[in-house]
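Counting begins at 1 with the first residue of the sequence.
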Amino acid sequence: MIDTTMISTDGGTLFATFALVALAEMGDKSQLVCMALAARHRHWPVLFGALAAFLLLNTLAVLFGAALTQWIPDQWLAAAVALLFATFGVIALRTTEDEMESDEKTVQRSGHSILVATFLLLFLAEMGDKTQLAVAGMATTLAPLPVWIGANLAMGVTAALGVFVGCRLLARLPIVLVHRISGAFFLVLAAVAATQVF
């Protein structure tokens, strides 16, 4: 016979995790990164790269709890994130109008590289982030499976919203301006991450 108490408890855990993570991620750097990348590249590789990063991060958080962040020193993670963000920012700012004309073909050919770049950016940026620590903490006191499902659903929804806004931004703004805005945004994120190194 099915234990309805367990179902309601798990449902409550899933909903609570979803609500907590979704609120924490709204306007957070991961959503803004999805927005900036989707404004410059095809949206599907960005979305799939983000989802893959979140799935792995939440799996690690649930499996290993808060001890996960002890494996890699915070300064190393912050330095890697700063370097990646700075690289993306410089590339975006250095893109010329001549390169814009062939941008669509380049994006079509580099869908796989966009997915990988999105995955690496978000995986490193979110490693040890407040959301991952919250998921890890919840998994130590609540049923791990609904925590994992709720966290992935929430991060997937916020990433999809970011990608959607990024695509709409691309449709309404000149591509050169989008590159400049996203480049400046990535450099700001790089500076913030760099401060955590020291």
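- Within the model, atoms CG of Leu14 and CD1 of Ile149 stand 5.5 Å from one another, a figure rounded to the nearest 0.5 Å.
- One hydrophobic cluster, built from ILVMFWY side chains closer than 4.5 Å, cannot hold both Phe15 and Val135; they sit in different ones.
- Cluster membership check: Leu20 does not share its hydrophobic cluster with Leu23, using side-chain heavy-atom separations under 4.5 Å among Ile, Leu, Val, Met, Phe, Trp and Tyr.
- Among all heavy-atom pairs drawn from Pro144 and Val62, the shortest one is CB-CG1, 3.6 Å.
- Between Arg168 atom CZ and His43 atom NE2 the span is 9.5 Å, to the nearest 0.5 Å.
- Every side chain to side chain contact (heavy atoms under 4.5 Å, CB included) that Glu25 has, sequence neighbours left out, goes to Val21, Asp28, Ser30, Glu126, Asp129, Thr131, Met155, Thr158.
- Considering every non-hydrogen atom in both Ala22 and Ala154, the closest pair reads N-CB, 3.6 Å.
- A distance of 15.5 Å separates OG1 of Thr13 from CH2 of Trp148, quoted to the nearest 0.5 Å.
- Taking hydrophobic clusters as Ile, Leu, Val, Met, Phe, Trp and Tyr residues chained together by side-chain heavy-atom distances below 4.5 Å, Trp44 shares a cluster with Leu55.
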Item to complete: Dump the intermediate steps for side chain to side chain contact (heavy atoms under 4.5 Å, CB included) on Leu153 and Phe54, then the final yes or no.
Response: CA-CA 10 Å; Leu153 285 175; Phe54 296 149; over 6 Å; no
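- To the nearest 0.5 Å, atom CG of residue Leu56 and atom CG of residue Leu122 are 12.0 Å apart.
- Clustering ILVMFWY residues whenever any of their side-chain heavy atoms sit less than 4.5 angstrom apart, transitively, puts Val163 in the very cluster that holds Met26.
- Leu47 CG to Leu37 CG: the interatomic distance, rounded to the nearest 0.5 Å, is 11.5 Å.
- Taking CG of Leu51 as the reference point, atom SG of Cys34 lies at 8.0 Å (rounded to 0.5 Å).
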Item to complete: Could you go through the side chain to side chain contact (heavy atoms under 4.5 Å, CB included) check for Leu161 and Phe164 one step at a time?
Response: CA-CA 5 Å; Leu161 284 173; Phe164 176 78; 5.5 Å; no
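- Listed here is the closest heavy atom pair of Val46 and Thr118: O-CG2, 3.3 Å.
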Worksheet entry | side chain to side chain contact (heavy atoms under 4.5 Å, CB included) between Val90 and Leu187, worked out | CA-CA 8 Å; Val90 170; Leu187 289 180; 4.3 Å; yes
